[in-house]
Amino acid sequence: MLHLVLFLVFGAICVAGAINLLAQRHPISSALSLVVVMASLAVEYLLLGAEFVAAVQVIVYAGAVMVLFVFVIMLLNAGEEEQTKGSRVALILGVPGVLTGGLLVAWVLIRHSGEKALGLGALPGYPKVIGGLLFHDFLLPFEVTSILVLIAILGAVFLASKPEAASTPTGKER
Amino acid sequence: MVPVSYYLILSGILFFCGVIGFLIKRNLITIFMSIELMLNGVNLSFVAFAAQWGHLSGQIFVFFVMVVAKLTVFLEQLENDLFELRGDLRIQPGRRHG
């Protein structure tokens, strides 16, 4: 009972934050409601017993990713977005279409759910066990993600490097 | 006791809100934020399925999704900053040897 109440309360906060993200016109309000979504998702993870994932969600997503988003929005002075004709069309056509798809998925999920009910803290995800899995069974994906980070850093260094002073392509052709 | 499908429906709602945001928003930063929303919905799906099947691999995969999302955000913000600083997104030709 308590599990259901907590799930519904924080689920409602999640959905309210997501809809607020769509409804707000200024990106900073959308960013702040996304922080609300991530924090309530961390509580949902706790309800499922994934305590380490919940902590990492707060630290990494709400604490690093969203902080960077807020930095960028405030640094670049992103203003309110304008409503053009194309965006109205996307609104009128896209929202009912996506809602239809979403209702279809929800209906299929409800019909084919196996009546498996999860208790409070269903699968405890202790850091020790997760660390053991991460560095034994999932070692290859772990190393591959580190190479991915390296690629991202290389790309960032290349993109941000200063252009050459007098590099014109025609100079070499002579 | 909460059925698994409730968690999946919540995850689906978040995902579809992200899709709607991706379609209707004009600001590039808000589009990237709806991508983050989609990824969070998928993360909830992973953790719910991990709890259903009693396998911790679902929770491990959440970390990988988070890493990829973080890199996406990092590169997107770099691109935004460069765009604002330079006025365009033309990539300069690389340094030539010699």
Side-chain angles (χ1 to χ4, degrees), chain A residues 3-4 7 11 14-15 18-19 21-22 27 30-31 34 37-38 41 44-45 48-50 53 60-61 65 68-69 72-73 76 78 81 87 90-91 94-95 98 102 105-106 109-110 113 115-119 122-123 125 129-130 133-134 138 141 145 148-149 152 155-156 159-160 163-164 167, chain B residues 1-10 12-21 23-27 29-30 32-34 36-37 40 43-44 47-48 50-52 54 56-57 59-60 62-64 66-71 73-75 77-82 84 91-96:
Chain A
H3 188 193
L4 186 63
F7 170 78
C14 262
V15 174
I19 293 181
L21 185 147
L22 302 175
S30 303
L34 190 57
V37 171
M38 288 175 176
L41 266 183
E44 298 281 349
Y45 293 154
L48 281 171
V53 174
V60 168
Y61 259 129
V65 171
L68 277 184
F69 264 118
V72 167
I73 292 172
L76 301 183
E81 58 181 41
S87 79
L91 196 71
V95 173
V98 173
V105 168
L109 277 176
I110 295 179
S113 70
E115 273 325 303
K116 170 99 195 264
L118 300 169
L123 183 67
V129 186
I130 288 191
L133 261 184
L134 188 64
F138 288 92
T145 47
L148 189 66
V149 172
L159 285 176
E164 286 194 358
S167 70
Chain B
M1 306 290 281
V2 176
V4 184
S5 49
Y6 284 21
Y7 279 100
L8 297 179
I9 290 174
L10 176 63
I13 290 177
L14 289 176
F15 185 80
F16 282 110
C17 283
V19 173
I20 290 176
L23 291 176
I24 72 174
K25 289 294 184 178
R26 309 284 300 180
N27 195 353
I29 299 180
T30 321
F32 276 104
M33 283 195 288
S34 25
E36 292 296 315
L37 189 56
N40 272 294
N43 276 347
L44 182 62
V47 178
Q52 180 185 11
L56 266 182
S57 322
Q59 299 185 7
I60 303 273
V62 168
F63 292 121
F64 296 124
M66 278 188 197
V67 167
V68 173
K70 185 75 184 75
L71 291 173
V73 161
F74 165 64
L75 286 175
Q77 287 168 354
L78 176 74
E79 173 198 356
N80 266 334
D81 288 342
L82 288 176
E84 289 292 324
I91 309 288
Q92 313 297 332
R95 295 190 168 82
R96 295 190 168 80

Picking from [options], which has the most non-hydrogen pairs under 4.5 angstrom with chain A?
{"options": "B:Ile9, B:Leu75, B:Val19, B:Val47", "result": "B:Val47"}
{"options": "B:Leu78, B:Leu23, B:Asp81, B:Ile60", "result": "B:Ile60"}
{"options": "B:Val62, B:Asn43, B:Val68", "result": "B:Asn43"}
{"options": "B:Leu37, B:Asn40, B:Ile20, B:Leu14", "result": "B:Asn40"}
{"options": "B:Gly18, B:Ala51, B:Gly12, B:Ser5", "result": "B:Ala51"}

* Asked: Checking A:Leu68 against chain B: side chain, backbone, both or neither under 4.5 Å from a heavy atom?
  ->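 Contact with chain B involves both backbone and side-chain atoms of A:Leu68.
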* **Which atoms of A:Tyr61 approach chain B - backbone, side chain, both or neither, heavy atom under 4.5 Å** =>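 When you check distances to chain B, only side chain atoms of A:Tyr61 fall under 4.5 Å.
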Checking [X] against chain A: side chain, backbone, both or neither under 4.5 Å from a heavy atom?
{"X": "B:Leu71", "result": "side chain"}
{"X": "B:Phe63", "result": "side chain"}
{"X": "B:Val73", "result": "side chain"}

Using every non-hydrogen atom in the two residues, find where [X] and [Y] come nearest and quote the distance to one decimal.
{"X": "A:Ile19", "Y": "B:Cys17", "answer": "CG1-SG, 4.3 Å"}
{"X": "B:Glu36", "Y": "A:Phe69", "answer": "CG-CE1, 3.7 Å"}
{"X": "A:Cys14", "Y": "B:Leu10", "answer": "CB-CD1, 4.3 Å"}
{"X": "A:Leu34", "Y": "B:Met33", "answer": "CD2-O, 3.7 Å"}
{"X": "B:Met66", "Y": "A:Val53", "answer": "CE-O, 4.3 Å"}

Between [options], which residue shows the highest count of heavy-atom pairs closer than 4.5 Å to chain B?
{"options": "A:Val60, A:Val149, A:Val37", "value": "A:Val149"}
{"options": "A:Ala106, A:Gly49, A:Gly125", "value": "A:Gly125"}
{"options": "A:Gly102, A:Gly155, A:Ala18, A:Ala152", "value": "A:Gly102"}

* Assert yes or no for the condition that the ring centre distance of A:Phe7 to B:Tyr7 is strictly below 6.0 Å. =>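 Yes, they do, as the ring centres are separated by less than 6.0 Å.
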* Do the side chain of B:Lys25 and the main chain of A:Leu22 share a donor and acceptor less than 3.5 angstrom apart? ->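 Yes.
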* Step by step, would you call B:Phe64 with A:Leu134 a side-chain contact (heavy atoms from CB on, under 4.5 Å)? -> CA-CA 10 Å; B:Phe64 296 124; A:Leu134 188 64; 3.9 Å; yes
* How many angstroms lie between CD in B:Gln59 and CG in A:Leu123, if you round to the nearest 0.5 Å? -> 5.0 Å
* Are side-chain heavy atoms of A:Val105 and B:Phe16 found at a separation under 4.5 Å? -> yes
